[in-house]
2 protein chains.
Amino acid sequence: MPKKAPIEKDVSAEEKIKEAARKLFTTKGYAATKTRDIAQEAGINLALLNYYFRSKEKLFHIIRAESLHKIGLEIVRIIYETDTSLEEKIKKLVAYYTETLMKEPDLPLFVLTEIRNNPEQLVDTIGIRDKVMNSVLMQQIMQGVMSGKLRPIHPVHFIINTISLTVFPFVAGPMLKLVANLNDDSFAALTTERKELVPEWIMMIMSQPEKK
Amino acid sequence: MPKKAPIEKDVSAEEKIKEAARKLFTTKGYAATKTRDIAQEAGINLALLNYYFRSKEKLFHIIRAESLHKIGLEIVRIIYETDTSLEEKIKKLVAYYTETLMKEPDLPLFVLTEIRNNPEQLVDTIGIRDKVMNSVLMQQIMQGVMSGKLRPIHPVHFIINTISLTVFPFVAGPMLKLVANLNDDSFAALTTERKELVPEWIMMIMSQPEKK
DNA sequence: AAAAAATTTAATCAAATGATTAAATTTGGC
DNA sequence: GCCAAATTTAATCATTTGATTAAATTTTTT
């Protein structure tokens with residue numbers, strides 16, 4: 001007879017399944033990941049997966065939500081800081097993303113694919129709508145534009161530029177390694193360099209050159 | 001009795017299958033695309049797919065190769081031009097990518113996913129290794145760095161920056177629309193703006209500021 | 001230690017899925 | 001118009017895959 005979900009106590013097996021699922025879903029996607037693959041990767045029996053998580057889909061939703069939170073939470077914290085300058089925020093954001101993605105380079109491709117496949121649902125899951133546009137960061141940008149210190153460009157461009165220059169190298173990592181003939185070490189060296197360079201470039205792009 | 005592959009003559013049905021396969025593989029990925037979906041989308045019988053293409057996998061290889069060529073061929077042509085300046089090449093590249101991806105916004109996520117899943121095989125398929133690094137564009141960058149006109153930064157950064165600022169907005173399109181509350185029209189307006197802005201930004205990032 | 005609850009397993013099911021078959025229909029050359 | 005090649009179809013097969021079942025084992029509670 002099937003049992004109800006167990007009370008939480010020893011999460012060893014449950015956590016092993018989640019870890020395996022995270023790895024496989026992230027690298028191979030939902031459809032290409034088979035429940036038997038997850039079970040094998042986790043070193044447990046297939047039935048156990050359904051016992052703990054009811055279904056492949058439910059397990060996936062959990063993994064996806066955690067991935068989104070991993071990327072989203074710290075960002076929101078940074079862009080709502082009231083005691084740091086625009087430049088400091090950009091430096092923090094670039095540093096945080098770079099360090100996170102050096103540890104989990106497959107995360108952005110997974111998250112971006114999922115957001116494309118299911119944009120509406122994810123507005124609910126992470127309630128991100130307007131969070132960015134109402135942030136202190138965005139106010140600082142608009143204020144900079146008003147005061148003439150920043151170029152008069154739509155603030156969204158700055159968002160796009162910061163994320164692009166920081167995240168895209170990871171999304172395109174395998175391609176870049178191919179076209180530039182880089183091994184893992186030289187690629188890591190490049191991304192580390194960019195932790196310093198990208199904030200400089202962003203400020204360079206945004207700043208209004210002084211009139212003579 | 002099964003027939004051998006037909007001689008090419010009337011590609012109507014064959015082309016309909018390829019078009020349906022392209023659409024589904026590109027938007028949903030290999031594993032999530034079912035041969036029956038392709039057949040239905042193409043308005044043909046399932047057996048016909050295997051008759052023309054032998055297998056789902058063979059059909060996929062064809063689609064993937066065509067997608068890669070679509071992105072790769074024009075690029076190589078531009079970066080090997082001998083009669084255009086560095087700045088002109090950047091403008092051409094950004095314009096070409098932007099226009100191509102406005103028509104097929106799902107292409108880059110598909111290509112990047114495929115390159116990640118199968119990097120080695122794709123070196124063979126499109127023989128891109130060293131093509132970029134040996135290009136006239138790359139020579140112009142290195143010459144600019146030598147002569148002091150450009151900042152002394154690894155040329156790969158310029159490649160990364162150009163692709164990032166141009167392609168990433170499409171990869172992250174659905175996410176950007178969410179966080180910035182953009183509809184399709186305002187998003188299109190932004191990307192059109194960037195066709196002008198990105199080359200300016202790239203030159204701004206690369207150029208050595210004149211000493212006073 | 002006995003009973004109850006939780007965990008784990010092997011076996012199995014039903015649906016989905018890629019592929020094949022053999023027959024029917026259409027097309028093009030003569 | 002006839003024939004052979006090409007095209008198209010419905011039916012079916014074998015495997016994969018998500019899920020369930022019932023029984024066995026382990027852990028916890030008393």
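Chain naming here is simple, since letters A, B, ... match the order of the sequence lines and numbering starts at 1 in each.
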Which donor-acceptor pairs under 3.5 Å do the side chains of residues 37-48 of chain B make with protein atoms, sequence neighbours left out?
residue: B/D37; atom: OD2; partner: B/K34; partner atom: N; Å: 3.4
residue: B/E41; atom: OE2; partner: B/K23; partner atom: NZ; Å: 2.9
residue: B/N45; atom: OD1; partner: B/A47; partner atom: N; Å: 2.9

*Looking at B/F53, is B/K58 sitting on its ring face, NZ or CZ under 6.0 Å from the six-membered ring centre and within 45 degrees of the normal?*
no

_Results of side-chain hydrogen bond (donor to acceptor under 3.5 Å, both in side chains) for A/K56 - residues two or more places apart only_ = none

*Please identify each residue that fulfils side-chain hydrogen bond (donor to acceptor under 3.5 Å, both in side chains) with B/H157, with sequence neighbours left out.*
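Testing B/H157 for side-chain hydrogen bond (donor to acceptor under 3.5 Å, both in side chains), a comparison that skips the adjacent residues, returns A/E193, A/R194.
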
*So what is the end-to-end bend of the helix from C/dA1-D/dT30 to C/dC30-D/dG1, with 5 pairs used at each end and the value given to 10 degrees?*
20°

*In whole Å, what is the span from the CG atom of B/L49 to the C1' atom of C/dT20?*
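B/L49 atom CG is separated from C/dT20 atom C1' by 13 Å.
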
*Nearest whole angstrom, please: distance from the P of C/dT21 to the CG of B/L48.*
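Rounded to whole Å, this separation is 16 Å.
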
*asked:* Less than 3.5 Å apart, any donor N or O on the side chain of A/S186 or A/N183 sitting next to an acceptor on the other?
replied: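 Indeed, the side chains of A/S186 and A/N183 share at least one donor-acceptor pair under 3.5 Å.
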
*Are there more than 12 heavy atoms of other residues, nucleotides or ligands under 6.0 Å from atom CE of A/M204?*
yes

*Classify the ring geometry between A/Y30 and A/F25 as parallel (under 30°), tilted (30 to 60°) or perpendicular (over 60°).*
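Ring orientation, 0 to 90° scale: parallel.
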
*Counting only non-hydrogen atoms, which of residues 18-31 of chain A are less than 4.0 Å from DNA chain D?*
none

Could you list the protein-to-nucleotides 10-17 of chain C atom pairs, N/O on both sides, closer than 3.5 Å?
residue: C/dA10; atom: OP2; partner: A/N45; partner atom: ND2; Å: 3.4

